[in-house]
A.B. asks: 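One structure follows; several queries about it will come next.
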Amino acid sequence: WNITRFISSFPQLKEAEVTLIISDRWILAELSKLITGCMEGYADFNFFTPANRVREFTWNTLAAHYLEMVKARAYGSGFSEEEQKAAWYTLHTVLKSILLLLAPITPFITDALWRQIYGSESIHRETFPTAAWSTEATQFTEKLVEFNSKIWNEKKAKGLSLKEPVKTEIPEDLQEFSRDLK
């Protein structure tokens, strides 16, 4: 649960305090799709669907792409306080939703994490998250995954660590993401 430890190291903010940037809107769009899919599974009493979708989202979208893109911004490295706060808000929004979606399947660990991180009553007194964000930004998912994979493969071929910079052109259709991609 390194993701949980990473996210819980940042303050929690209310939505009114932040202006989301494209990277945040993108992961929240993906989160909306996740919530919709999970709720469909729960409605059919098919617990495999939410379990599998949460795992897929957490490892292959959130951890592999968004967390790598947002780390510098969350730590404030070269970003404004407003941009940093947007990252913090988004990270906690995603983590809370993941915990809530997993609560019926893994009740004890989600409750323990919820109480430890959010210091409130049991997670089982909370309601499921809602798909509150526009899914329009999901149009970038395939392009982001493709771009990141290209960069990672290039670094691997050159024997560079993932932290090392590599000179490359960000595609025109991903320019809005350029600060987080760098």
Side-chain angles (χ1 to χ4, degrees), residues 1-35 54 57-102 110 113-121 123 126-127 129-141 143-148 151-152 155 160-182:
W1 285 95
N2 289 335
I3 294 170
T4 306
R5 186 176 14 201
F6 172 71
I7 294 172
S8 66
S9 69
F10 301 111
Q12 300 168 54
L13 303 170
K14 293 179 176 43
E15 185 174 16
E17 299 177 51
V18 299
T19 302
L20 301 175
I21 65 171
I22 187 64
S23 303
D24 304 322
R25 291 193 314 267
W26 165 69
I27 198 65
L28 292 173
E30 286 293 332
L31 180 64
S32 279
K33 281 179 46 180
L34 171 69
I35 292 167
V54 168
F57 170 83
T58 302
W59 296 117
N60 297 329
T61 305
L62 177 66
H65 298 283
Y66 181 73
L67 291 185
E68 292 303 319
M69 288 171 31
V70 79
K71 273 183 192 173
R73 187 159 47 98
Y75 287 124
S77 305
F79 291 89
S80 71
E81 185 178 333
E82 183 177 292
E83 291 169 318
Q84 184 181 34
K85 285 181 175 182
W88 295 344
Y89 167 79
T90 305
L91 288 166
H92 278 286
T93 298
V94 171
L95 178 58
K96 284 180 177 180
S97 296
I98 288 170
L99 291 174
L100 287 165
L101 291 170
L102 287 176
T110 53
L113 289 168
W114 186 268
R115 288 173 193 254
Q116 180 182 358
I117 298 167
Y118 298 112
S120 59
E121 290 188 23
I123 193 170
E126 302 290 326
T127 58
T130 57
W133 302 277
S134 166
T135 58
E136 184 178 336
T138 61
Q139 67 180 313
F140 297 110
T141 302
K143 294 171 188 171
L144 284 166
V145 169
E146 211 172 275
F147 177 75
N148 285 336
I151 299 301
W152 297 334
K155 287 181 178 187
L160 300 172
S161 78
L162 289 178
K163 293 180 181 179
E164 295 292 322
V166 64
K167 191 169 180 102
T168 191
E169 290 289 322
I170 296 174
E172 187 64 36
D173 50 358
L174 294 179
Q175 283 298 312
E176 287 182 88
F177 293 86
S178 63
R179 290 204 58 214
D180 279 342
L181 288 172
K182 291 178 182 176

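In this chain, residues are counted from 1 in sequence order.
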A.B. asks: Using only atom types and a distance under 3.5 Å, with no angle test, would you say the side chain of R25 pairs donor to acceptor with the backbone of E136?
C.D. replies: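 It does not hold such a pair.
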
A.B. asks: If you define the side chain from C-beta out and look only at heavy atoms, does anything of K71 sit under 4.5 Å from F6?
C.D. replies: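 Yes; the side chains approach each other to less than 4.5 Å.
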
A.B. asks: Go through the steps for E30 and V94 under the test side-chain contact (heavy atoms from CB on, under 4.5 Å), then give the verdict.
C.D. replies: CA-CA 10 Å; E30 286 293 332; V94 171; over 6 Å; no

A.B. asks: Under 4.5 Å between any side-chain heavy atoms of I98 and L62, yes or no?
C.D. replies: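 The answer is yes, as the side chains (C-beta and beyond) meet within the 4.5 Å cut-off.
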
A.B. asks: Would a 4.5 Å heavy-atom cut-off, applied to side chains only, mark L181 and L144 as touching?
C.D. replies: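 A side-chain contact under 4.5 Å exists here.
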
A.B. asks: When you compare the side chain of R73 with that of S23, does any pair of heavy atoms fall below 4.5 Å?
C.D. replies: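 Heavy-atom side-chain distance check passes, below 4.5 Å.
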
A.B. asks: Closest approach of A86 and T90, non-hydrogen atoms and distance?
C.D. replies: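 The pair with the smallest heavy-atom distance is O-OG1, 2.8 Å.
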
A.B. asks: Mark yes or no for whether T135, through its side chain, and T138, through its backbone, hold a donor-acceptor pair below 3.5 Å.
C.D. replies: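 Side chain of T135 to backbone of T138, a donor-acceptor pair under 3.5 Å: no, none is there.
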
A.B. asks: Hey, could you give me the CD/OG distance between E169 and S178, rounded to the nearest 0.5 Å?
C.D. replies: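 Answer rounded to 0.5 Å: 11.0 Å.
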
A.B. asks: Is a side-chain N or O of S32 found less than 3.5 angstrom from the main chain of W133, in a donor-acceptor match?
C.D. replies: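 Indeed, once roles are kept as given, a pair shorter than 3.5 Å links the two residues.
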
A.B. asks: Which value, rounded to the nearest 0.5 Å, describes the distance between F177 atom CZ and I22 atom CD1?
C.D. replies: 4.5 Å

A.B. asks: Classify the angle between the aromatic ring planes of H65 and W152 as parallel (below 30°), tilted (30 to 60°) or perpendicular (above 60°).
C.D. replies: parallel

A.B. asks: Can you tell me how far the CD1 atom of I151 sits from the CD atom of E68, to the nearest 0.5 Å?
C.D. replies: 13.0 Å

A.B. asks: Are any of the side-chain heavy atoms of L67 and L91 separated by less than 4.5 Å?
C.D. replies: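 Side chain of L67 against side chain of L91, heavy atoms only: contact under 4.5 Å found.
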
A.B. asks: Could you go through the salt bridge (Lys or Arg N to Asp or Glu O under 4.0 Å) check for K96 and E126 one step at a time?
C.D. replies: CA-CA 10 Å; K96 284 180 177 180; E126 302 290 326; over 6 Å; no

A.B. asks: Ring centroids only, cut at 6.0 angstrom: are F79 and Y75 within range, meaning strictly under it?
C.D. replies: no

A.B. asks: Does any N or O in the side chain of W59 come within less than 3.5 Å of the main-chain N or O of A64, such that one atom is a donor and the other an acceptor?
C.D. replies: no

A.B. asks: Using only atom types and a distance under 3.5 Å, with no angle test, would you say the side chain of K143 pairs donor to acceptor with the backbone of L174?
C.D. replies: no

A.B. asks: So do the side chains of D180 and Y66 get within less than 4.5 Å of each other, counting heavy atoms only?
C.D. replies: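 Contact flag for D180/Y66 side chains = no.
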
A.B. asks: Can you give me the closest heavy-atom contact between L13 and Y89, atom names plus distance?
C.D. replies: O-CD1, 3.4 Å

A.B. asks: How many angstroms lie between atom CG of L28 and atom CG of L34, to the nearest 0.5 angstrom?
C.D. replies: 11.5 Å

A.B. asks: Inspect the surroundings of CD in E81 and state if more than 12 heavy atoms from other residues, nucleotides or ligands are less than 6.0 Å away.
C.D. replies: no

A.B. asks: Which of parallel (below 30°), tilted (30 to 60°) and perpendicular (above 60°) describes H92 and Y118?
C.D. replies: perpendicular

A.B. asks: Can you tell me how far the CG atom of L95 sits from the CD1 atom of I117, to the nearest 0.5 Å?
C.D. replies: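 That separation rounds to 5.0 Å.
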
A.B. asks: Atom CD in E82, atom CD1 in I21: separation rounded to 0.5 Å?
C.D. replies: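 One gets 9.5 Å once the value is rounded to the nearest 0.5 Å.
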
A.B. asks: Would you call I123 and L100 a side-chain contact if the rule is heavy atoms closer than 4.5 Å?
C.D. replies: yes

